[in-house]
2 protein chains.
Amino acid sequence: MLGKLTSYSTYMDSAELSSSLRSVIAALHKGLRKQTSAAGAYSMTELETIGHLFRNPTLLPTELAALTRITTQSMSQILSKMEAQRVIKRTPSKEDKRKVGISLTAVGKKLVEKNLYEKDEWLKNEIERTLTDKEKELLAKVLPVLNKLIEIK
Amino acid sequence: MLGKLTSYSTYMDSAELSSSLRSVIAALHKGLRKQTSAAGAYSMTELETIGHLFRNPTLLPTELAALTRITTQSMSQILSKMEAQRVIKRTPSKEDKRKVGISLTAVGKKLVEKNLYEKDEWLKNEIERTLTDKEKELLAKVLPVLNKLIEIK
DNA sequence: ATAACTTGTTAGTTTACCTAACAAAATTAA
DNA sequence: TTAATTTTGTTAGGTAAACTAACAAGTTAT
């Protein structure tokens, strides 16, 4: 079962690496979903959407959909929900009347600053509880590597 | 926004670490799901289930549910589906008549050997295409760290 | 001018989970 | 030993978060 040794690892070839990575991603994702699904909280994708709007003053629905990797139709539904909650606002463009700028409302921004990181509490606690400082450092180092895997091409 | 510096990272505190990790996990999970959802393929959890049965000759539904982090009810449905496909078989225990041993059929084993790793093809290709050998090495090193985060307590 | 493309939306469907309710066997308590 | 409780597995029904289909309206290309 063990793949042939290569230069990049004494233990794993890419097949085993991907299988193990899939496995741990599935488990972590389930842990996260269980957290966020508690009591009318934001879903994973809603959380991502809010995060993008926090870092970018305004974005189009299409752009948000691409960033969060869902269809524009699904994004449209999320936006309607968040608009009803006064978390985001839709501002139709004057140059191109098809376009609708999406941005956080004042209420939304306040809510985000107060709550966004709190939503990650579970994972944060898991990290602090189970990992050593050295492991945290390693994790921080590998994040850009993981992000390379999901770059939009 | 930048947290105060700590010993384990020059750049990230646990809050930022967890936020970034959540983000990349969500994206990777979506990428994986898109792959596995193609053409009557196995879902993420079904894939996990098969993997566990590949490594353990027989397991109980309860054990499989715990390992894959879903309810026993959900596992029951997955098992029914896979039994209908002749991928797994149910063998009631003689000592304890409540228990049902789950194992891969001959057909299932063959199918798994042929296909399990292929299902990870997308991720494998992404890894090989976008990561350098050094990055692959780093990824292999961080896997046990990520697994620590999801250990069943 | 009209055809083709872009952008955003609503409507309806699917998937992968969940909770509720229950049956049957095993274990513990009385 | 009988009765209550716990364990194990299942079916039935519900839900959240995605999807595809269809379409309206604005923009660009021919």
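So you know, we letter chains A, B, ... as the sequences are listed, proteins then strands, and number each from 1.
The backbone N or O of A:Ser18 sits nowhere less than 3.5 Å from a side-chain atom of B:Lys124 that would complete a donor-acceptor pair.
By the 4.5 Å heavy-atom criterion applied to side chains, B:Glu63 and B:Asn56 are not counted as neighbours.
Here B:Ser43 lies in heavy-atom contact (under 4.0 Å) with sugar-phosphate atoms only.
Residue B:Thr45 has its side chain nearest to C:dC17 when only C:dT9, C:dC17, D:dT10 are considered. Comparing D:dT10, C:dC17, C:dT9 against the side chain of A:Lys30 picks out C:dC17 as the nearest.
Atom C1' of nucleotide C:dG12 and atom CD of A:Gln73 are separated by 12 Å, given to the nearest angstrom. Counting to the nearest Å, the C1' atom of C:dT9 and the CD1 atom of A:Ile102 are 12 Å from each other. Taking atom CD1 of A:Ile78 as the reference point, atom C1' of C:dT10 lies 15 Å away to the nearest angstrom. In this structure, B:Arg33 places its CZ atom 16 Å from P of C:dT14, rounding to the nearest Å. In this structure, B:Leu32 atom CG and C:dA16 atom P are separated by 14 Å, rounded to whole Å. Atom CD of A:Glu63 and atom C1' of C:dT6 are 13 Å apart (whole Å). In this entry the distance linking NZ of A:Lys34 with C1' of C:dA16 reads 13 Å, nearest Å. The distance between atom CE of A:Met75 and atom P of D:dC19, rounded to the nearest whole Å, is 10 Å.
For the atom pair CZ (B:Arg33) and CD1 (A:Ile25), the distance works out to 14.0 Å, reported to the nearest 0.5 Å.
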Any N/O pairs under 3.5 Å between the protein and nucleotides 27-29 of chain D? List them or say none.
from   : atom 1 : to      : atom 2 : distance (Å)
D:dT27 : OP1    : A:Glu95 : O      : 3.2
D:dT27 : OP1    : A:Lys97 : N      : 2.8

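Residues A:Val107 and A:Arg86 share a closest heavy-atom pair of CB-O, 3.8 Å. Annotation for B:Glu135 and B:Leu131: closest pair OE1-CA, 3.3 Å, computed over non-hydrogen atoms.
Taking 4.0 angstrom as the limit, A:Arg90 places a side-chain polar atom (N or O) nearer than this to OP1 or OP2 of C:dT9. Taking 4.0 angstrom as the limit, B:Thr71 places a side-chain polar atom (N or O) nearer than this to OP1 or OP2 of C:dC18.
B:Leu60 and B:Leu67 fall into different hydrophobic clusters, where Ile, Leu, Val, Met, Phe, Trp and Tyr side chains are chained together by heavy-atom contacts under 4.5 Å.
Scanning atom types as modelled, one donor and one acceptor separated by under 3.5 angstrom connect the side chain of B:Gln77 and the base of C:dC18.
Ion pair A:Glu128/A:Lys136 not flagged as a salt bridge, since none of the NZ, NE, NH1 or NH2 atoms sits closer than 4.0 Å to an Asp/Glu carboxylate oxygen.
Heavy-atom distances to DNA chain D give each of A:Ile70 and B:Ser74 a nearest nucleotide, and the one nearer the 5′ end belongs to B:Ser74.
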